[in-house]
Amino acid sequence: MIQRNGGELAQTQRSADLLLTSLKSSSRIKRHLKNRQVPIADIRWLKDCVKEKELLPLDKYSIPVDDVSSRSTHDTSSTDSQGGSGDDKQSHANKGNDINKQSHTSKDSSNENKRDSDNYYLPKSSDILTKEFANAEPDVLSYEDTDSSNDESNSNDDGDSDDIDPNYNNTRYECLRPTPLRSKHNGKLVAYLRLLEKARELETNDKSALAYRHAISAIKAYPRKIQSEDEAGKIKGIGSKIKELTRIYLETGKVPEAEALLSDEEFRTLDLFNKCFGVGPATGKAWWDMGYRTLQQVLDHGTLSNTVRLGIQLLPDFIIPMKRSDVEELIDIVETQAASVNDQLLVTPVGGYRRGKQQSGDLDIVISSKQEIDMSDILLSMIDRLKSQGYIKHVLWKSRIGPSTKQDRLHKQRAADTDDNEDQVISKSFRRSGFDELPKAFTCFMQPSTGISRQVDLIIASFEEYPTAVLGWTGSRQFERSIRDYAKKEKNIKLSSHQMITRSMPERRISVTNEKDIFDALDIPFISPQNRNC
DNA sequence: CGGCATACG
DNA sequence: CGTAT
DNA sequence: GCCG
């Protein structure tokens, strides 16, 4: 639960920033206490934080323990420090991690844990660089519906049949039905399937991963608790394999194949590696095969591009989730700076934030204009400005600005290939010969209030492109795949974040002025951003 | 048994 | 190969 | 891994 919400579980009391306990008697607490430097609080703080989706003040939960050092000599586990993490060593924890961390590196190395004022306890998730999973306690399956709400119970109304809920749009196109952020009734099953999807992803079984994603989206959209394997089997996206997994889950409350991943060293290591910007499944696997087991080992011994090195070094911050107020602070900055670059600019936050997520891993912003203006210099102007104002610390990646270079590369590559069908190739490069479409940059901001490094993606869209850019960057990823699939298969329309065009031969651009126009052009019902969480 | 989103560096 | 939704 |  802690880790899922961005916290870090200490292995020993001594390395903890905060102790949680369900003990009520202060003498019993004292008996187990080996670390008096940090706050002690009631375990209910954790549950309430998760419920509220934010870090609550510790005040009401903190447990005072008067000072009489009673060093207990024998350790009876870390009582309620349930499910320790992995490693104890953190000797060189922050080595090479000193880039651009001023305000939030702890004042002294010991166990200072307050990032800001005394109001919030913010977990410092450093030592993720030295985390390794050999002999580590298994992760706990964390399912979104932390809120108990009968995943188990039979809230069975009249019709407990094996038929699917008639309110459910049983389609293979996720974009045709609302999909909320979290499954209301099948959250635990979804959590298991997500593990399997991730495992397939890391093995680069893309098609299999996609199949799991279809099933997951279907279940998230499904309006009641699945009660039987037959009921599950009727849902489009669930075939024989996932139906069987569902049967096992319904009988035992677990999915062993997925459960095993929670304690699988290779899976957990690859998963961690893969969280670094610039590190995909192949790179992660290569590192594993070379014997690396922690990110620190990779930093110390690997030969890395600057981007990947940065990606590793920034990970301890990047994995700290942003609250909506954190996101909004950054939006304000971008809006203010955009206004001073050009007062016609329009700044639109998209991504998970727009879909209503309470916690975000990054922030995506579409920058467009209120009227048709020349946008060609906007990205560089914005980056310059944000840099000089001290907000942007790094540009992890950015697309080229002007026209041309891309064409040259295409031609070169074609020349190398013994080309036969030059028609398509040439038309392709001609099509690109105008101006560049969507320049974009993936940047690292320092958030003023916390000093935490945050990934902010800036996307430039022309006035014309604005609707498709907003649709495309709002996601979710699966929603985008689905609506593009639908456009192609059912309407013979090609949809991207740049444009909508008819595929039948006189390729004509379908003009749209807002998101709704796109849904209308496809003749599908409008789905609000909050319901695009496929 | 073919197809699975699309575009960028 | 990697990035984004 | 599932759909058409």
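Keep in mind that this is a model prediction, so the values were computed, not measured. Order of the sequence lines sets the chain letters (A, B, ...), proteins ahead of strands, with each chain counted from 1.
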**Q** Distance check needed: C:dT5 P versus A:Phe442 CZ, whole Å only.
**A** 7 Å

**Q** Touch check for A:Gln455, heavy atoms < 4.0 angstrom, all strands: base, sugar-phosphate only, or nothing?
**A**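 Sugar-phosphate only.
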
**Q** I need the CZ-P distance between A:Phe277 and B:dG9, as an integer number of Å.
**A** 14 Å

**Q** If I take atom CD in residue A:Glu201 and atom P in nucleotide B:dC4, what distance separates them, rounded to the nearest angstrom?
**A**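 That distance rounds to 19 Å.
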
**Q** Remember a base hit wins even if backbone is also touched, and classify A:Arg172 as base, sugar-phosphate or nothing at under 4.0 Å, heavy atoms.
**A** sugar-phosphate

**Q** Would you name the heavy atoms of A:Glu197 and A:Tyr212 that are closest together and state the gap between them?
**A** CB-CB, 3.8 Å

**Q** Between B:dT6, B:dC8, C:dT5, which one does the side chain of A:Trp397 approach most closely?
**A** B:dC8

**Q** So, OP1 or OP2 of D:dG1: does either fall under 4.0 Å of a side-chain N or O from A:Lys241?
**A** yes

**Q** Which is true for A:Cys276 with a 4.0 Å heavy-atom rule: it touches a base, it touches only sugar-phosphate, or it touches nothing?
**A** sugar-phosphate

**Q** Can you tell me if A:Lys440 touches the phosphate of B:dA7, counting only side-chain N or O atoms and a distance under 4.0 Å to OP1 or OP2?
**A**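 Negative; the distance criterion is not met.
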
**Q** A:Leu396 CG to B:dG9 C1': how many Å, rounded?
**A**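 In whole Å, B:dG9 C1' and A:Leu396 CG are 14 Å from each other.
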
**Q** More than 12 non-hydrogen atoms from neighbouring residues, nucleotides or ligands closer than 6.0 Å to NZ on A:Lys370, yes or no?
**A**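 Check passes, neighbour count above 12.
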
**Q** Identify whether any heavy atom of A:Ile242 sits under 4.0 Å from a base atom; if not, whether one sits that close to sugar-phosphate; answer base, sugar-phosphate or nothing.
**A** sugar-phosphate

**Q** Could you verify whether a donor N or O on one side chain and an acceptor N or O on the other, from A:Gln478 and A:Arg213, lie under 3.5 Å apart?
**A**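 A:Arg213 and A:Gln478 do not have a side-chain donor-acceptor pair below 3.5 Å.
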
**Q** Once you apply a heavy-atom cut-off of 4.0 Å, does A:Asp362 come out as touching a base, just sugar-phosphate, or nothing?
**A** sugar-phosphate

**Q** Reckon A:Ile483 touches a base, only the sugar-phosphate, or nothing at all at heavy-atom distances under 4.0 Å?
**A** nothing

**Q** Is the NZ or CZ atom of A:Arg268 both under 6.0 Å from the centre of the six-membered ring of A:Phe133 and within 45° of that ring's axis?
**A** no

**Q** Considering the options A:Asn167, A:Ile524, A:Thr171, which one meets the side chain to side chain contact (heavy atoms under 4.5 Å, CB included) requirement together with A:Arg177?
**A** A:Thr171

**Q** What contact category does A:Pro529 fall into here, base, sugar-phosphate, or nothing, at under 4.0 angstrom with non-hydrogen atoms?
**A** nothing

**Q** What's the CD-P distance between A:Glu465 and B:dA7, to the nearest Å?
**A** 12 Å

**Q** Just to confirm, is there a sub-4.0 Å distance from OP1 or OP2 of B:dT6 to any side-chain nitrogen or oxygen of A:Gln499?
**A**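 No, outside the criterion.
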
**Q** NA contact type, A:Lys489, heavy-atom cut-off 4.0 Å: base, sugar-phosphate, or nothing?
**A**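 Result for A:Lys489 = sugar-phosphate.
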
**Q** Find the distance A:Phe273:CZ to C:dC1:P and express it as a whole number of Å.
**A** 18 Å

**Q** Taking only side-chain nitrogens and oxygens of A:Thr283, does any of them come within less than 4.0 Å of OP1 or OP2 of C:dG2?
**A**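 Looking at the OP1 and OP2 atoms of C:dG2, one of them is under 4.0 Å from a side-chain N or O of A:Thr283.
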
**Q** So A:Ser240, base contact, sugar-phosphate only, or nothing? Heavy-atom distance under 4.0 Å.
**A** sugar-phosphate

**Q** Sticking with atom C1', work out how far B:dC8 lies from D:dG1, rounded to a whole angstrom.
**A**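 Between the two C1' atoms, the distance is 28 Å.
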
**Q** Do the side-chain N or O atoms of A:Arg484 get closer than 4.0 angstrom to the phosphate oxygens (OP1, OP2) of B:dA5?
**A**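 No.
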
**Q** What contact category does A:Arg213 fall into here, base, sugar-phosphate, or nothing, at under 4.0 angstrom with non-hydrogen atoms?
**A** nothing

**Q** Measure from CD1 on A:Ile459 to P on B:dG9 and round the result to the nearest Å.
**A** 14 Å

**Q** So A:Phe479, base contact, sugar-phosphate only, or nothing? Heavy-atom distance under 4.0 Å.
**A**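 Contact class for A:Phe479: none.
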
**Q** Please figure out whether A:Ala209 or A:Lys236 has its closest DNA chain D nucleotide nearer the 5' end.
**A** A:Ala209

**Q** Does A:Lys207 have a side-chain nitrogen or oxygen under 4.0 Å from the phosphate oxygens OP1 or OP2 of B:dG2?
**A** no

**Q** Assess A:Arg324 against A:Tyr353: is NZ or CZ under 6.0 Å from the centre of the six-membered ring, and within 45 degrees of the ring's axis?
**A** yes

**Q** Roughly, in whole Å, what's the span from CG in A:Leu210 to C1' in D:dC2?
**A**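 My rounded result for the distance is 9 Å.
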
**Q** Within the structure shown, what part of the strands sits under 4.0 Å from A:Val279 by heavy-atom distance: base, sugar-phosphate, or nothing?
**A** sugar-phosphate

**Q** Assess A:Arg532 against A:Phe526: is NZ or CZ under 6.0 Å from the centre of the six-membered ring, and within 45 degrees of the ring's axis?
**A** yes

**Q** For A:Asp364, which contact category applies under a 4.0 Å heavy-atom criterion: base, sugar-phosphate, or nothing?
**A** sugar-phosphate

